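Worksheet: one structure, shown below.
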Amino acid sequence: RKEVEQDPGPFNVPEGATVAFNCTYSNSASQSFFWYRQDCRKEPKLLMSVYSSGNEDGRFTAQLNRASQYISLLIRDSKLSDSATYLCAVSISGGYNKLIFGAGTRLAVHP
Amino acid sequence: EPEVTQTPSHQVTQMGQEVILRCVPISNHLYFYWYRQILGQKVEFLVSFYNNEISEKSEIFDDQFSVERPDGSNFTLKIRSTKLEDSAMYFCASSVSIAGQGASATNEKLFFGSGTQLSVL
């Protein structure tokens, strides 16, 4: 089983749509969780950290379910500029911030 | 906003040659990392570095790889004898601290440089 798994997509959605991505992780010692955004051939950029209580940043909402070992990202009112690959990343307790990335989920927002 | 800078943006080399990829982490950060991403694949951890020594490394980071912080600002990745399969985008990253040190969640966040595309011919 992969350490961090994501549906590769692509998710093709119209502008204004709501879209949700899930990510599962296998190591129960995972302690920190993140969503990154990566544009083609660019560096990952931190979108948001994910907390047990859930957190929201504008149109983006992230949730963590420790019992089921998955995290989610919800994007409301999709914009064309949201088109990118969304990477889930986890770090393990006791590690030096070593991030394990998923392979990413591609999102394409069309007019 | 402070950022991690990497040079060069592109590096082409012949198989068997040595390459050095350079990074300048954010100035108040203490933890430094190298990741790589082969085209079409996921971002993979190579090594983390703290207090002038390697704190963790992956299976990819074999004897052909080394890292150094030669001065107070640069952080380098050296590949001694490049192979075709070393062709990838190499990302440097840095963070203020790490999780579990009682620091805020903000301080453990990794910030990535824009990467060096290494092509081994």
Side-chain angles (χ1 to χ4, degrees), chain A residues 1-10 21 23-27 29-55 57 62 64 71 84-106, chain B residues 1 3-6 9-10 23 29-51 53-61 88-101 103-117 119:
Chain A
R1 184 180 171 186
K2 293 179 185 173
E3 290 184 277
V4 178
E5 281 200 76
Q6 296 182 250
D7 181 342
F21 309 134
C23 165
T24 58
Y25 59 94
S26 60
N27 193 328
S30 300
Q31 69 169 23
S32 299
F33 309 87
F34 306 92
W35 282 103
Y36 280 80
R37 171 196 168 122
Q38 186 176 33
D39 293 291
C40 188
R41 308 302 291 154
K42 303 283 189 186
E43 76 274 22
K45 291 193 173 172
L46 182 65
L47 188 62
M48 55 201 307
S49 303
V50 190
Y51 306 116
S52 295
S53 53
N55 47 306
D57 182 3
L64 165 64
I71 68 173
T85 298
Y86 290 83
L87 311 178
C88 166
V90 306
S91 68
I92 311 298
S93 173
Y96 282 82
N97 263 9
K98 168 186 170 183
L99 287 181
I100 309 295
F101 282 89
T105 298
R106 275 193 54 211
Chain B
E1 181 177 287
E3 57 182 28
V4 176
T5 56
Q6 289 186 243
S9 56
H10 293 86
C23 169
H29 286 192
L30 301 176
Y31 295 83
F32 314 114
Y33 314 84
W34 284 100
Y35 287 77
R36 78 170 187 190
Q37 187 174 31
I38 295 170
L39 185 63
Q41 297 186 25
K42 64 178 183 177
V43 178
E44 300 175 289
F45 170 80
L46 292 178
V47 66
S48 59
F49 190 86
Y50 169 70
N51 199 26
E53 59 183 29
I54 290 173
S55 44
E56 193 170 1
K57 60 183 181 180
S58 72
E59 292 174 355
I60 303 167
F61 195 89
M89 180 74 91
Y90 287 80
F91 294 112
C92 174
S94 66
S95 64
V96 174
S97 65
I98 59 174
Q101 282 200 326
S104 72
T106 299
N107 287 344
E108 73 185 67
K109 292 176 183 175
L110 266 67
F111 293 86
F112 286 81
S114 57
T116 294
Q117 176 62 55
S119 298

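The structure presented is a predicted model; accordingly, all values stated were derived computationally and were not measured. Labels below follow one simple rule: chain letters A, B, ... track the order of the sequence lines, proteins then strands, and each chain is numbered from 1.
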Under 4.5 Å heavy-atom distance to chain A, tell me which part of B/Q117 shows up: side chain, backbone, both or neither.
side chain
Per-residue contact mode, B/F49 against chain A (heavy atom under 4.5 angstrom):
neither
How many angstroms lie between OG in B/S55 and NZ in A/K98, if you round to the nearest 0.5 Å?
11.0 Å
Taking the side chain as C-beta and beyond, is there a heavy-atom pair between A/S49 and B/K109 under 4.5 Å?
yes
State, yes or no, whether a side-chain contact exists between B/L39 and A/R41 at a heavy-atom distance under 4.5 Å.
yes
Separation between NZ of B/K42 and OG1 of A/T85, rounded to the nearest 0.5 Å
15.0 Å
Would you say the rings of B/F112 and A/Y36 are close, in the sense that their centroids are separated by under 6.0 Å?
yes
Walk me through it: do A/Q38 and B/Q37 pass the test side chain to side chain donor-acceptor pair (under 3.5 Å)?
CA-CA 12 Å; A/Q38 186 176 33; B/Q37 187 174 31; 2.7 Å; yes
Should we count CZ of A/R37 as having more than 12 external heavy atoms under 6.0 Å?
yes
The reported gap from CD in A/E43 to SG in B/C92 (rounded to nearest 0.5 angstrom) is 11.5 Å
Taking A/L99's backbone N and O only, do any of them form a donor-acceptor pair with B/Y33's side chain (distance below 3.5 Å, no angle check)?
no
Run the side chain to side chain contact (heavy atoms under 4.5 Å, CB included) check on B/V43 and A/L87 step by step: do they pass?
CA-CA 9 Å; B/V43 178; A/L87 311 178; 4.1 Å; yes
